[in-house]
Chemist: 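Before we start, here is the structure in question, set down as C-alpha cells.
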Amino acid sequence: SQQAVSVVSGGTEATTPTGAKMRMIGVNPAKIPTNATGSGYSDNGVIVQDDKQVDLSYSITVDGVLMQQADIDTRKPGAHTVRYAASDRAGNTMALERVVIVYDRYRTKGPALVLSGDDIMTVATGSVYQDAGAIAIDYDDGDITSKITTQNDVNTHTAGTYAVKYSVADKDGNVAEAARMITVLE
C-alpha cells in the first residue's frame, strides 16, 4: 500500500488523508537579527493532532540535522530551514518547513534565496521531473518569492547532470542566486 505524503514548504498547515493536521505557530518566514552570543532564536514549533484532536509527536530538523528543539546560530547572517515532520496512525507523513532568516543587525544585505526540497536530486530517464521551487525573503521588501526567475533545462529523456538555476533581486538591486543539481540516470 502506498503512503501519502503531504509536505508544505513555506506554508503554515499540512494534513493527511486520515484528517491529521499540523499547524505552525508563529510566522513563516521568521526574521531575526544577528546576536554576538549566538542565541536569540526561540522557535514556536507546531501543533500536531490526529482527526480526534489527540496530540501526535513530531521530529524537528534544522538544515537537515535532527534536533530535540530548533537550535540556530544567530552569530552570522544566513537562511535556515526548520522542518517539522509527523506521521498519522495510517503511516501517512506530513511536514512543514519554516524559513528562518538571520540578518545582519548592522548592515542589511540582499535577499535570502532558499531552495525548497533537496539541492541534489536523481531521477530516472523518461520520468517526469517537477521542480520544488524556492523561497526568497528580503529584510526590507519581505517575501519576494514571486520575483524569482528560474532557468530549468532538465531533459529527462537524456541521461546527464543538469542545473536548475534561480535568481532574485530586491528593490535595491541586491541579487541572490542558487542552484539545484539534477542527475538523470539511464
Side-chain angles (χ1 to χ4, degrees), residues 1-35 37-103 111-124 127-139 142-146 148 164 166 178 180 182:
S1 71
Q2 181 117 8
Q3 295 177 345
V5 177
S6 172
V7 177
V8 181
S9 181
T12 57
E13 289 192 6
T15 59
T16 67
T18 65
K21 291 182 180 175
M22 178 182 288
R23 185 174 54 82
M24 190 177 295
I25 302 168
V27 297
N28 189 20
K31 297 185 279 192
I32 56 170
T34 52
N35 181 305
T37 65
S39 62
Y41 177 69
S42 178
D43 191 77
N44 292 322
V46 293
I47 295 172
V48 186
Q49 296 180 325
D50 68 11
D51 59 331
K52 295 174 176 38
Q53 280 72 48
V54 174
D55 290 342
L56 300 174
S57 62
Y58 60 93
S59 64
I60 299 172
T61 57
V62 177
D63 300 328
V65 178
L66 186 63
M67 298 185 172
Q68 290 294 317
Q69 59 186 22
D71 183 24
I72 294 177
D73 183 353
T74 60
R75 287 178 287 199
K76 53 187 176 186
H80 304 276
T81 302
V82 178
R83 181 183 170 104
Y84 314 92
S87 296
D88 65 14
R89 66 180 177 275
N92 299 305
T93 302
M94 59 187 153
L96 288 173
E97 292 180 345
R98 183 190 321 265
V99 175
V100 178
I101 309 296
V102 179
Y103 65 91
L113 181 58
V114 180
L115 298 180
S116 299
D118 297 326
D119 56 354
I120 299 173
M121 296 182 66
T122 303
V123 296
S127 65
V128 175
Y129 170 70
Q130 179 150 355
D131 191 67
I135 298 169
I137 307 296
D138 183 73
Y139 182 71
D143 186 345
I144 56 172
T145 301
S146 65
I148 296 173
V164 178
Y166 307 86
R180 182 187 326 271
I182 310 298

Chemist: Indicate the atoms forming the closest heavy-atom contact of D138 with P111, along with that distance.
Modeler: OD1-N, 3.4 Å
Chemist: Looking at K21 and D50, is there a salt bridge between them, counting it only when a charged N and a carboxylate O are closer than 4.0 Å?
Modeler: no
Chemist: Mind checking whether L56 and R89 have side chains closer than 4.5 Å, heavy atoms only?
Modeler: no
Chemist: Locate the shortest heavy-atom distance separating A134 from L113; write the atom from each residue and the value.
Modeler: CB-CD1, 4.0 Å
Chemist: With T16 as reference, evaluate D88, T93, N92 under the side-chain hydrogen bond (donor to acceptor under 3.5 Å, both in side chains) test and give the passing residue.
Modeler: D88
Chemist: Could you please spell out the steps behind the side chain to side chain contact (heavy atoms under 4.5 Å, CB included) verdict for Y166 and D131?
Modeler: CA-CA 11 Å; Y166 307 86; D131 191 67; 2.4 Å; yes
Chemist: Taking the side chain as everything from C-beta on, heavy atoms only, tell me whether I101 gets closer than 4.5 Å to I32.
Modeler: no
Chemist: Below 4.5 Å, heavy atoms only, C-beta onward: do M121 and R180 meet side chain to side chain?
Modeler: yes
Chemist: Measure across S116 and A132 and return the closest heavy-atom pair with its distance rounded to 0.1 Å.
Modeler: O-CB, 3.2 Å
Chemist: Hey, does T34 have a side-chain heavy atom less than 4.5 Å from the side chain of V102?
Modeler: yes
Chemist: Flag the pair I137 / I144 as yes when at least one side-chain heavy-atom distance between them is below 4.5 Å, and no otherwise.
Modeler: no
Chemist: Are any non-hydrogen side-chain atoms of Q68 and I60 less than 4.5 angstrom apart?
Modeler: no
Chemist: Nearest 0.5 Å, please: how far is CG in D73 from OH in Y41?
Modeler: 14.0 Å
Chemist: Would T61 and Y84 count as a side chain to side chain contact (heavy atoms under 4.5 Å, CB included) here? Give the steps.
Modeler: CA-CA 7 Å; T61 57; Y84 314 92; over 6 Å; no
Chemist: What verdict does the side chain to side chain contact (heavy atoms under 4.5 Å, CB included) test give for S59 and L66, after you've listed the backbone C-alpha separation in whole Å, the side-chain angles of each residue and the deciding distance to 0.1 Å?
Modeler: CA-CA 7 Å; S59 64; L66 186 63; 4.0 Å; yes
Chemist: Under the side chain to side chain contact (heavy atoms under 4.5 Å, CB included) rule, what do V164 and I182 come out as? Steps first, then yes or no, please.
Modeler: CA-CA 7 Å; V164 178; I182 310 298; 4.0 Å; yes
Chemist: I need the minimum non-hydrogen distance between S127 and A124, along with the two atoms involved.
Modeler: OG-O, 2.6 Å
Chemist: Provide the closest heavy-atom pair for Y58 versus A86 in the form atom of the first, atom of the second, distance.
Modeler: CB-CB, 3.9 Å
Chemist: Pick one: which of D63, L115, I135 meets side chain to side chain contact (heavy atoms under 4.5 Å, CB included) with T81?
Modeler: D63
Chemist: Check the surroundings of atom CZ in R23: do more than 12 heavy atoms from other residues, nucleotides or ligands lie under 6.0 Å from it?
Modeler: no
Chemist: Would you check if D43 and R98 make a side-chain contact, meaning some heavy-atom pair closer than 4.5 Å?
Modeler: yes
Chemist: Going from CG on N44 to CD1 on I25, what distance comes out if it is rounded to the nearest 0.5 angstrom?
Modeler: 6.5 Å
Chemist: For the residue pair M24 and V46, what are the closest heavy atoms and their distance?
Modeler: CA-CG1, 3.8 Å
Chemist: Counting C-beta onward and ignoring hydrogens, is there a side-chain heavy-atom pair between T18 and D51 closer than 4.5 Å?
Modeler: no
